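Written below as structure tokens is the structure these notes are about.
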Amino acid sequence: MARPFETGLDSLFTNVQLATMAGGYGELRDGAIGVSDGRIAWIGLGAAAPPAAVVHDGRGCWLTPGLIDCHTHIVHAGNRSDEFEARLNGATYEDIARAGGGIMSTVRATRAASDEDLLRQSLPRIASLLAEGVTTLEIKSGYGLTIKAEAKMLRVARRVGQVLPVNVVTTFLGAHALPPEFAGRADDYVAHICEHMLPQLAAAGLVDAVDAFCERIGFSNAQTGRVFEAARAHGLPVKLHAEQLSDQGGAELVARFKGLSADHLEHLGEDGIAAMAAAGTVAVLLPGAYYFLRDTTPPPIAALRAAGVPMAVATDCNPGTSPMTSLLLAMNMACTLWRLTPQEALAGATIHAARALGRAADIGSLEVGKRADFALWDIARPADLSYAIGLNPCRGVVSAGVLRDPVVSLPG
Ligand code: NIG
Ligand code: FE
């Protein structure tokens with residue numbers, strides 16, 4: 001069907017204040033942004049805007065790139081409020097994991113759930129993120145730990161992107177914990193990941209990137225390296241849960257593989273920072289886990305900043321260490337707990353998050369040619385997004401050029 005204005009835009013959002021985040025941060029007052037074929041086709045002053053088939057009045061709202069949550073375990077079954085209580089009664093996260101709870105308790109619940117059940121339990125959490133302007137979401141596996149159950153998690157993750165207006169990026173996290181079937185045989189499980197799980201899941205088109213948990217209660221540096229070799233053999237980018245509870249040299253390892261990101265990083269040392277800076281590996285900061293575990297060692301923010309390592313901010317939404325479904329809250333925590341500036345936090349949830357997913361050419365900033373993913377905010381200044389706690393000022397979301405209400409209705 002011919003478009004009404006062959007030479008014009010499909011749609012124009014005018015009367016908006018743009019925080020473009022192009023090259024880090026940029027503002028354009030009294031701006032407008034035009035969309036054609038789901039892509040940004042024009043950006044400039046409202047007064048100079050070309051004709052468009054549909055014009056939306058932004059009523060003076062701020063318009064930012066759609067937010068990107070670049071690290072989540074949001075597809076899982078059950079919850080672990082019992083462990084939250086146990087920790088408040090004196091147990092530690094590592095005690096609970098060693099006693100067969102922790103990640104393994106979510107593995108049991110996730111294995112037992114059907115595809116439909118897993119989707120149904122996950123959608124309300126995802127809707128909560130979408131209400132705050134999230135347009136791209138990374139979802140990890142890692143609570144299945146068998147080919148069948150990991151495939152189920154990744155299938156459900158892909159399904160999320162079909163039933164809700166969000167762009168989903170999947171990450172295979174088979175090396176999250178040692179499943180009981182391989183008790184005492186961690187090297188055999190790593191071989192199983194490399195020789196069977198990853199090849200089959202990648203062949204099924206379920207994997208966009210590969211992650212691991214490099215930690216005392218996870219996998220060693222050498223075992224993680226083997227998983228990364230396998231990822232490389234399949235042409236898949238890598239990222240890593242690194243230096244969360246102790247320094248395992250994970251950041252240096254993932255940088256050696258030119259990894260997209262090293263995530264958590266509370267116990268990151270100088271060598272890791274230098275390696276990340278040299279490799280262009282993004283530091284993904286997860287203040288929700290730090291807060292929820294009452295950690296007291298902050299990641300070395302000032303040193304990362306001084307080294308020029310891009311810093312992303314994400315929810316790490318998971319039932320054990322960060323049952324958080326608000327990226328705005330993660331931004332606030334990154335500022336209050338770790339002294340990020342509000343501009344850094346916004347870059348962390350947009351352009352640097354895009355880079356942590358290997359998608360910076362396509363999303364994360366308002367630039368001609370990128371996907372038309374925006375959020376409209378009723379705020380006086382962009383810093384308000386990191387400042388308010390518990391207020392959601394999102395007034396509209398545009399996903400691939402299509403305007404929607406922040407609140408999405410769930411299927412079924
Ligand atoms: O990112 N650290 C490992 N993985 C998750 C926690 C998983 C869980 O406890 O269920 C994290 O913190
Ligand atoms: Fe995580």
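None of the values given here were measured: they were computed from a predicted structure. Numbers here are sequence positions counted from 1. Order of listing sets the numbers, starting from 1, for every ligand and every atom in it.
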I'd like to check which ligand 1 atoms, numbered from 1 as shown, lie under 4.0 Å from a non-hydrogen atom of [X].
{"X": "F213", "result": "2 (N), 3 (C)"}
{"X": "I103", "result": "7 (C), 8 (C), 9 (O), 10 (O)"}
{"X": "R80", "result": "8 (C), 9 (O), 10 (O)"}
{"X": "H264", "result": "1 (O), 11 (C), 12 (O)"}
{"X": "T321", "result": "6 (C), 9 (O), 11 (C), 12 (O)"}
{"X": "Y93", "result": "6 (C), 7 (C), 8 (C), 9 (O)"}

Which residue supplies the protein heavy atom nearest to [atom], what is that atom called, and how far is it?
{"atom": "atom 11 (C) of ligand 1", "result": "D316 OD2, 3.3 Å"}
{"atom": "atom 2 (N) of ligand 1", "result": "Q244 OE1, 2.8 Å"}
{"atom": "atom 7 (C) of ligand 1", "result": "Y143 OH, 3.3 Å"}

### Message
If you round to 10 degrees, what value do you get for the angle at the Fe ion (ligand 2) between H71 atom NE2 and H73 atom NE2?
### Response
100°
### Query
Once rounded to 10 degrees, what value does the angle at the Fe ion (ligand 2) take between OD1 (D316) and NE2 (H241)?
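OD1 of D316, the Fe ion (ligand 2) and NE2 of H241 span an angle of about 170°.
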Run the salt-bridge test on [X] and [Y] with the 4.0 Å N-O cut-off and return the result as yes or no.
{"X": "E229", "Y": "R232", "answer": "yes"}
{"X": "R39", "Y": "D10", "answer": "no"}
{"X": "R159", "Y": "D115", "answer": "no"}

If we ignore hydrogens and angles and just use 3.5 Å, is the side chain of [X] paired with the main-chain N or O of [Y] as donor and acceptor?
{"X": "N221", "Y": "Q248", "answer": "yes"}
{"X": "T281", "Y": "G259", "answer": "yes"}
{"X": "D117", "Y": "A113", "answer": "no"}

### Query
Which is it for E215 and ligand 1 at heavy atoms under 4.0 Å: side chain, backbone, both or neither?
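It is neither part, as no heavy atom is under 4.0 Å.
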### Query
Counting heavy atoms only, which part of H176 comes closer than 4.0 Å to ligand 1: side chain, backbone, both or neither?
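Under 4.0 Å from ligand 1, H176 contributes side-chain atoms alone.
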### Query
Do E138 and T72 have a side chain donor and acceptor closer than 3.5 Å?
no
### Message
Suppose we call two aromatic rings close when their centres sit under 6.0 Å apart. Are F213 and F219 close by that rule?
### Response
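No, the ring of F213 stays outside the 6.0 Å limit from the ring of F219, centre to centre.
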### Task
Determine, using heavy atoms of N318 and all atoms of ligand 1, whether some pair is separated by less than 4.0 Å.
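Contact present.
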### Task
Evaluate the ring planes of H241 and H176, with Trp represented by its six-membered ring, and classify them as parallel (under 30°), tilted (30 to 60°) or perpendicular (over 60°).
tilted
